Protein chains: 2
Amino acid sequence: MEPGDSTKQARAAAQLRKGVLEYCVLALMRDRPRYGVELLHALEESGALATSQGTVYPLLSRLRRDDLVTTTWQESASGPPRRYYALTDSGRAALDEFTRVWPGFRNAVDAFLTTPHPPTGDLA
Amino acid sequence: MEPGDSTKQARAAAQLRKGVLEYCVLALMRDRPRYGVELLHALEESGALATSQGTVYPLLSRLRRDDLVTTTWQESASGPPRRYYALTDSGRAALDEFTRVWPGFRNAVDAFLTTPHPPTGDLA
DNA sequence: ACCTGGTTCCATGCGATGCAAGATACCTGG
DNA sequence: CCAGGTATCTTGCATCGCATGGAACCAGGT
């Protein structure tokens with residue numbers, strides 16, 4: 001994404017990420033601990049959820065503040081040490097909760113976008 | 001939803017609505033003009049996107065400010081006059097743009113929630 | 001005429017979130 | 001010693017959902 005990209009498409013995508021990014025990051029930690037730049041790359045490869053460091057690190061700080069993740073420093077073979085983030089029980093519960101809520105939300109949006117809204121009345 | 005409902009489920013759902021509500025409201029106006037309370041009821045019936053007047057009216061003000069909708073006053077058979085909101089060409093373009101972006105976003109989130117993230121490497 | 005209730009509209013202030021920009025530190029290689 | 005890549009974090013801003021409160025209009029009962 002270009003720095004000065006203020007198209008309507010970019011704006012819609014930016015607003016979409018709100019609130020979802022947190023749980024996608026938790027989902028990435030589900031099977032093993034991850035570190036910041038690793039999460040950043042995984043989000044970038046997904047395409048639709050690409051973001052920046054200025055978004056991920058404050059998010060990770062909030063997750064740690066709310067006891068959804070714990071962190072451990074670990075040496076790296078090449079480069080500075082990495083802070084690995086792992087799910088706590090609360091974090092896993094939050095992820096499960098979101099996984100339960102998401103399908104209903106997704107289907108509701110799909111319905112609004114695809115269902116016609118005729119003048120005569122919805123369905124009553 | 002109770003007024004003082006601050007459960008994790010409610011919190012996740014609240015954050016999810018961010019950015020999506022705007023386009024669901026536009027989608028409701030796709031086939032005919034709507035007025036405020038009518039939009040509020042339609043959102044409430046969907047379940048997952050139920051919200052309040054304090055959310056809808058500022059949203060409608062922003063849509064009008066950005067020239068995505070136009071408004072016309074119309075008398076009501078029972079009650080005060082209603083302000084009907086209709087899509088402009090820009091509004092319809094924004095809705096089409098969102099309709100194009102949404103499936104990719106939705107599938108990306110689905111992938112994060114359902115795809116395992118094994119230790120050995122993603123897929124490379 | 002009064003007043004109670006329902007309907008419809010809107011404004012204000014707060015908390016949460018994504019983001020651009022910048023700062024700091026570590027390691028490797030020339 | 002210095003340049004570049006890797007990795008972490010902070011600050012200030014803009015946007016958005018929401019609770020709360022207020023204002024206006026109409027119908028019906030007393």
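All chains are named by letter (A, B, ...) in the order of the sequence lines, taking the proteins before the strands, and each is independently numbered beginning at 1. Every value quoted in this text rests on a predicted model; they were computed, and no experiment measured them.
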**Item:** Shortest side-chain distance from B/Tyr57, nucleotide among C/dC9, C/dT7, C/dA11
**Value:**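 Among C/dC9, C/dT7, C/dA11, the one nearest the side chain of B/Tyr57 is C/dC9.
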
**Item:** Candidate nucleotides D/dT8, D/dC18, D/dC25, ranked by approach to the side chain of A/Trp73 - the nearest
**Value:** D/dT8

**Prompt:** Using rotation axes that map the C1' atoms of four end pairs onto the next four (five pairs an end), what angle separates the end axes of the helix from C/dA1-D/dT30 to C/dG30-D/dC1, to 10°?
**Reply:** 10°

**Residue whose closest nucleotide on DNA chain C lies nearer the 5' end, A/Glu75 versus A/Gly54** = A/Gly54

**Item:** B/Arg82 side-chain N/O to C/dT8 phosphate OP1/OP2 under 4.0 Å
**Value:**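 Yes, B/Arg82 has a side-chain N/O under 4.0 Å of OP1/OP2 on C/dT8.
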
**Request:** Determine: side-chain N/O of A/Arg62 to OP1/OP2 of C/dA16, distance under 4.0 Å, yes or no.
**Result:** no

**Asked** Looking at C/dC19, does its base get a donor-acceptor pair with the side chain of A/Gln53 below 3.5 Å?
**Response**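 Checked by distance alone, the answer is no.
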
**Request:** Scan B/Gly36 against the nucleic acid and name what it touches under 4.0 Å (heavy atoms): base, sugar-phosphate only, or nothing.
**Result:** sugar-phosphate

**Request:** Return the nearest nucleotide to the side chain of B/Arg83; candidates are C/dC9, C/dT8, D/dT11.
**Result:**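 Comparing C/dC9, C/dT8, D/dT11 against the side chain of B/Arg83, the answer is C/dC9.
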
**Request:** May I have the distance from A/Glu22 (atom CD) to C/dG15 (atom C1'), rounded to whole angstrom?
**Result:** 14 Å

**Prompt:** Distance check: side-chain N/O of B/Thr51 vs OP1/OP2 of D/dC18, anything under 4.0 Å?
**Reply:** yes

**Asked** Among pairs that include at least one residue of residues 28-84 of chain B, which meet ring-ring contact (aromatic ring centres under 6.0 Å, His included), considering only residues two or more places apart or in two chains?
**Response**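 Pairs touching residues 28-84 of chain B that pass the test: B/Tyr35-B/Tyr84.
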
**Request:** Could you state the atom-to-atom distance from NZ of B/Lys18 to C1' of D/dT15 in whole Å?
**Result:** 8 Å

**Below 4.0 Å: OP1/OP2 of D/dC18 and any side-chain N or O of B/Ser52** = no

